[in-house]
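For reference, the structure discussed in these notes is given below.
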Number of protein chains: 4
Amino acid sequence: MKTHTVGVILNGVTGRMGTNQHLIRSILAIREQGGVKIGPDETIVPEPILVGRNANKLKHLSDTYGVEKYTTNLDEALGDDAYSVYFDALSTQLRVPNVLRAIEAGKHVYCEKPTATNTAEAMSLVTAARKAGVKHGVVQDKLWLPGLLKLKFLLDTGFFGRVLSVRGEFGYFVFDGLSQPAQRPSWNYRQEEGGGIFFDMFSHWRYVIGHLFGEVQRVVALGALHIDRRADEQGKPYDATAEDAAYGIFETVDGLPVQFNSSWCTRVRRDDLLTLHVDGTKGSAVAGLRRCWIQSEAATPKPVWNPDVEPKLDYFADWGEVPNNREYDNAFKAQWELFLQHIVKDTPFEWDLMEGAKGVQLAELGLQSWQQRCWVDVPEME
Amino acid sequence: MKTHTVGVILNGVTGRMGTNQHLIRSILAIREQGGVKIGPDETIVPEPILVGRNANKLKHLSDTYGVEKYTTNLDEALGDDAYSVYFDALSTQLRVPNVLRAIEAGKHVYCEKPTATNTAEAMSLVTAARKAGVKHGVVQDKLWLPGLLKLKFLLDTGFFGRVLSVRGEFGYFVFDGLSQPAQRPSWNYRQEEGGGIFFDMFSHWRYVIGHLFGEVQRVVALGALHIDRRADEQGKPYDATAEDAAYGIFETVDGLPVQFNSSWCTRVRRDDLLTLHVDGTKGSAVAGLRRCWIQSEAATPKPVWNPDVEPKLDYFADWGEVPNNREYDNAFKAQWELFLQHIVKDTPFEWDLMEGAKGVQLAELGLQSWQQRCWVDVPEME
Amino acid sequence: MKTHTVGVILNGVTGRMGTNQHLIRSILAIREQGGVKIGPDETIVPEPILVGRNANKLKHLSDTYGVEKYTTNLDEALGDDAYSVYFDALSTQLRVPNVLRAIEAGKHVYCEKPTATNTAEAMSLVTAARKAGVKHGVVQDKLWLPGLLKLKFLLDTGFFGRVLSVRGEFGYFVFDGLSQPAQRPSWNYRQEEGGGIFFDMFSHWRYVIGHLFGEVQRVVALGALHIDRRADEQGKPYDATAEDAAYGIFETVDGLPVQFNSSWCTRVRRDDLLTLHVDGTKGSAVAGLRRCWIQSEAATPKPVWNPDVEPKLDYFADWGEVPNNREYDNAFKAQWELFLQHIVKDTPFEWDLMEGAKGVQLAELGLQSWQQRCWVDVPEME
Amino acid sequence: MKTHTVGVILNGVTGRMGTNQHLIRSILAIREQGGVKIGPDETIVPEPILVGRNANKLKHLSDTYGVEKYTTNLDEALGDDAYSVYFDALSTQLRVPNVLRAIEAGKHVYCEKPTATNTAEAMSLVTAARKAGVKHGVVQDKLWLPGLLKLKFLLDTGFFGRVLSVRGEFGYFVFDGLSQPAQRPSWNYRQEEGGGIFFDMFSHWRYVIGHLFGEVQRVVALGALHIDRRADEQGKPYDATAEDAAYGIFETVDGLPVQFNSSWCTRVRRDDLLTLHVDGTKGSAVAGLRRCWIQSEAATPKPVWNPDVEPKLDYFADWGEVPNNREYDNAFKAQWELFLQHIVKDTPFEWDLMEGAKGVQLAELGLQSWQQRCWVDVPEME
């Protein structure tokens, strides 16, 4: 039995996402299952060291989850040859300098999105990583959501015939912290701290659309700062300065319209917190996080518009569902496993810093479209 | 008992909408109920004469529904003092000249939307009617849909707190006529015959938004000709030339974002063929044609994003519904009754030719926005 | 308004099928709806005369349904120029001589299936009709069953991808007349009177398979005389001599396997009295008489074989259904309307005596396959 | 308390069936329950030794399930007097030589089906075992399926009156491995590796039919290679060369028709993955893996063929069900218990190598029938 041990520096892992999705559900879950099995007698086992500024929090994580090593000294970790991978889940504003340090130290890098607060800086990471010849990746977890995997399956097997249009709805009602505690961090609502829904979500939509439907070519978006007074984690009121909703229309290179709403101020009356409705000549689908409903051409009813009587059709009943024919792993873990294989076996890994930069770019262009009230073309980078 | 008899010239009443909605469900239904009761001892009874080009069809209507008078000679009818009102449900391209003739003959006019195929001509009707001093109205039936009346009730009673955003979805899948018979007339899909979803639906959205949420100030829209090969009423294939979907974002004068999709190429997975989702600080609502679902601040759940498990919340179950505390009349009839009262008693009637012209204007601007890929301001008219 | 009156001699119309399906639900129903509309101002109206051996029965039909003309003298009717069409619903053994007489009299002929009791005689009708230059048709009603029309729609729109196999189940339990009254005529169970399920049903399967899936090229069938003692319409016991079940496998010219069971001795536990199960690469369907259930590739579950626990999948629940997007007319009437148009306007009508002969041929070959325990090739005729 | 310990050599137990059905659910389950109780104070306890070629896999099984003994040296095990029984669940192609070695070593033998890849070799096992005077058995698990036990109960208690016909449906949709992972091993679809549905399933149908309805006397079958391109366990595409469906008709010595379809390319719309529909004069039944539905003569409805209206009968609702009046053990374990008693107490055990050879014979004849397009008689063996 051959075991490849990969030392991984986990920086910024004391945050909610870092702890839950990356440490517990990815790195530790992989270790628990005996590593990533890459052959009958070959596995990859990640060996983590936790890095952060708060020694107490680190110790607590270490104790709770039995992770032996941790440090507040990033340089020390970067200088240790036992670690070949640097992972970054810091707040966006800290990402660029820290990832650059890791690249300079010759580490392979993997990081959360958005990779930077503007396209130029995001591209500087690409340039640095390429120059240093290290491997690199960016979290694009939505691609491994079971619902979106089902959608990909439908696309790959020709279910839709020709795809006509896509409509996305993302969001839910984030309480303002005044009447009830908010369920998202307050920095999300402060522009000066890197908040705003454009940076948070358009960096996702870029790869979701690109991967499923083709590259985004053009965008028009209307942002909104719906709720401008909120209370923070300590219950202290503050002025929200970052937009909390974005109503966007994208066009892919093939001219496919993708209308996509993102909002933290909407009450959900649909199948899931994120839904993608795809219409095609031969069938339509609505994908949520895990489930995916379908209606083929053959099952398409003929609705009659008659407001004088109660509708006879139940517009949900005549949809079927893609069954769970396979197990679906945690989306973050699924990507981690691919990244670790990329590191050890040099398998292809397309979700790199350039993809991350494209996400930042779309967020920036979305904001521009809003401020200038115009359609914006998406220029090719490099 | 005082009875006001109002002679009404019904032109273009052999078409589907004219026959069903205006003749049968409005004029004849009003006559059947004994007229519009406007006081304890006072009613208005419309006295119709049917006008059209096909004598056979007119005779058939006359026989079937017991309408005594009909003629193929419009001028004769216009010259008859027994008729003070001219109603027009001709195809859009014939509307302007015929309505103008009626105005010149001194008749009050009432007509279907869109009132013209371009804004200039729509305004010419306004000018003519004002100059002639006749009363005028335009069908804006969506306002009397029970679902939208319920929405108006919610707005009027302050249910929403501050309204944050509106999202509209209209449409269903119109078969292409090749695999199965189409359920809409083929001219809808031919630009050269006045087809296209911008003219058909934006002329509605103008007054719906204006009436419920405030005047539209700006629009961006992306049209699409999704299915460009269809078969007509005789099963003969033709090239569709008019757009069959429009993805739009409106801004009202108060900066309210109203995102609105209109499509004849979408399979319906929502509450109704038309839904309006309104989010406010204090509550949200989703209105369909007849029903209206609500979720107040107090009932708003706190969803948790966890794609690793099946969602625990049913995002439909925690919505309530506005009850049917009143009877809802046919929308067309409701507006006819108001128009007849306007004629006889000079009661206010705000849905006039100017409102109709505004609908035409928005359709035109929507098309312009699509072709030029830009936001378009909505100029004030007059 | 142009009306084409077509005189139709209805022979053998006092039987169950003749009265119900052909007289009442077809000819009279067509008359009631004002004829077959073939243009804006053009219709075909059939004008029937009833022919039979029993004057009393004819008079009763005439009185009950208001059909003025009837006679027991076929030659008289055949000699009357007012009638251009001869229809035959006599028992099979009487069909050939009567249809031949009609052809000799220069009438167009339309008749029930099977057209004869053997292929040679069935072909003699073809030859005679062609020689006389008259038009001809044979009832193939199953093609207009709503369920089979839906199946055709699925085939035409490519729902199945590549069709892999077809399985048909026809039948129900015909009581033996001893314990409870039988629901089919006793001659069906007597070989010497033209009974037997091969002649009754294989004459259907020939055109059903040919029309939907391609020409039958080869057949193997096992007949069975399951219940050999029955009681007739008068409750008198008799020996059944004709087979009451046929288990067959067909191969089309493209090598498609079509396994088809026909039985009057089976208790029904399936969706309908006749079901066709079609499996394709991209989807499967099960059609009944009116409904049609579908499961696309995308909705196909992954069943697990575990007899130790109750099955978790409901193997019916994950099927959708083709909606009733159109009205479905009575199958017999639908074919009558096409035949009348064929007579008057010379529109194409492919279900002619040759098609009828092919049905007889397959019945004959099925019997041969059974008796000789062998596969039998289906020779091309003419 | 008298305990008979029976040493059992389990060869080929690292495969899916060997591990799950024979090791875990049979041998270990029997040990866990304290052995096979054959009298108030007498039990039989099997004592297994695991044999295989992969020491790692054996060790893993040994560790996981606490089976102390295992070896890669079959001869050593065969030479050990502690083991009187040899069990074989190797792939079919390895079966004959290994079972012969065990017989030569004087072991009683028990093995999976099919016992060989052709009848001659299957008979050679019979001859060898008889000559050596050892006891022998072949897995015929379907007989102990709860659904089939219920069917046997109905047959034994005369529920059917005279049995008229049997129709079997087996199968489900095995994914091709290209669009989704296949749920069966790829060798099943390669003729050169002993794949094909004839060998897999006809070896079952032989004993199922023989045991329930009488010996098979004659067979006609049409095989099909529906899907000829698949992907294997590693996702690598390959050409399928073995038939994946078999449409067969059997006749028993009593002339009972048994029509039986077996397919890995069908979407399931029936009560279970395997169903047997039996019609008799006095009643009918449909058996699945565990459940069995019944309709007696008295409950038989009289369906009416009227395609003009929706069917009034629900053809499933008027069936009853055989209750679970007893516990049903795992089918494999049930047969193991009988075999162990046969070994220790010489109780009758009819499912021997001759029965196994008959299964192989029917598979061979089915293939012959398909290739020669003919009925094939089943010759008696010995």
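Labels below follow one simple rule: chain letters A, B, ... track the order of the sequence lines, proteins then strands, and each chain is numbered from 1. As a basis for the values below, the full set of heavy atoms in this structure was taken, side chains included, without hydrogen atoms, waters or symmetry mates.
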Q. Between C/Cys265 and chain D, which part of the residue has a heavy atom less than 4.5 Å away: side chain, backbone, both or neither?
A. both
Q) Quick one: CZ on D/Arg270 to CZ on C/Arg269, what's the gap to the nearest 0.5 Å? A) 13.0 Å
Q: Heavy atoms only, distances under 4.5 angstrom: which of C/Gln21, C/Arg25, C/Arg162 has the most pairs with chain D? Name it, please.
A: C/Arg25
Q | When D/Ala224, D/Pro303, D/Gly147, D/Ser179 are compared by non-hydrogen pairs under 4.5 Å with chain C, the top option | A | D/Pro303
Q.
As an exercise: rank C/Ala331, C/Ser369, C/Gly283, C/Gly248 by heavy-atom pairs under 4.5 Å with chain D and give me the winner.
A. C/Gly283
Q: Using a cut-off of 6.0 Å, state whether more than 12 heavy atoms not belonging to D/Arg326 lie near its atom CZ.
A: yes
Q: Find the one option among C/Asn261, C/Asp329, C/Leu145 whose heavy-atom pairs under 4.5 Å with chain D are most numerous.
A: C/Asn261
(Q) As an exercise, state the distance from CG of D/Asp279 to CZ of C/Arg267, rounded to the nearest 0.5 Å. (A) 6.5 Å
Q.
Determine whether the aromatic ring centres of residues D/Tyr315 and C/Tyr172 are separated by less than 6.0 angstrom.
A. no
Q) Which of the residues C/Asp314, C/Ile227, C/Ile249, C/Thr300 is involved in the greatest number of heavy-atom pairs with chain D at under 4.5 angstrom? A) C/Thr300
Q: Rounded to the nearest 0.5 Å, what's the gap from CZ on D/Phe260 to OH on C/Tyr247? Could you check?
A: 14.5 Å
Q: Return yes if some donor-acceptor pair links the side-chain N/O of C/Arg373 with the main-chain N/O of D/Trp375 below 3.5 Å, else return no.
A: no
(Q) Using heavy-atom distances under 4.5 Å, tell me whether D/Val309 contacts chain C through its side chain, its backbone, both, or neither. (A) backbone
Q. Can you tell me if C/Ser263 and D/Arg167 form a side-chain donor-acceptor pair at under 3.5 Å?
A. no
(Q) What verdict does the side-chain contact (heavy atoms from CB on, under 4.5 Å) test give for D/Val304 and C/Gln183, after you've listed the backbone C-alpha separation in whole Å, the side-chain angles of each residue and the deciding distance to 0.1 Å? (A) CA-CA 9 Å; D/Val304 175; C/Gln183 64 269 53; over 6 Å; no
Q | Portion of D/Gln259 that has a non-hydrogen atom of chain C nearer than 4.5 angstrom | A | side chain
Q. What's the verdict on side-chain contact (heavy atoms from CB on, under 4.5 Å) for D/His226 and C/Thr281, showing C-alpha distance, side-chain angles and the deciding distance?
A. CA-CA 9 Å; D/His226 287 311; C/Thr281 51; over 6 Å; no
Q) Counting heavy-atom pairs under 4.5 Å to chain C, which of D/Leu289, D/Leu164, D/Asp176, D/Val174 comes out on top? A) D/Leu164
Q. Picking from D/Leu256, D/Asp271, D/Asp318, which has the most non-hydrogen pairs under 4.5 angstrom with chain C?
A. D/Asp271
(Q) With chain C as the partner, which of D/Phe175, D/Tyr328, D/Phe173 has the greatest number of non-hydrogen pairs under 4.5 Å? (A) D/Phe175
**Q.** Nearest non-hydrogen partners of D/Pro307 and C/Arg290, listed with the distance
**A.** O-NH1, 2.7 Å
Q.
Using a 4.5 angstrom heavy-atom cutoff, name the option from C/Glu251, C/Arg291, C/Gln180, C/Gln372 with the most pairs to chain D.
A. C/Glu251
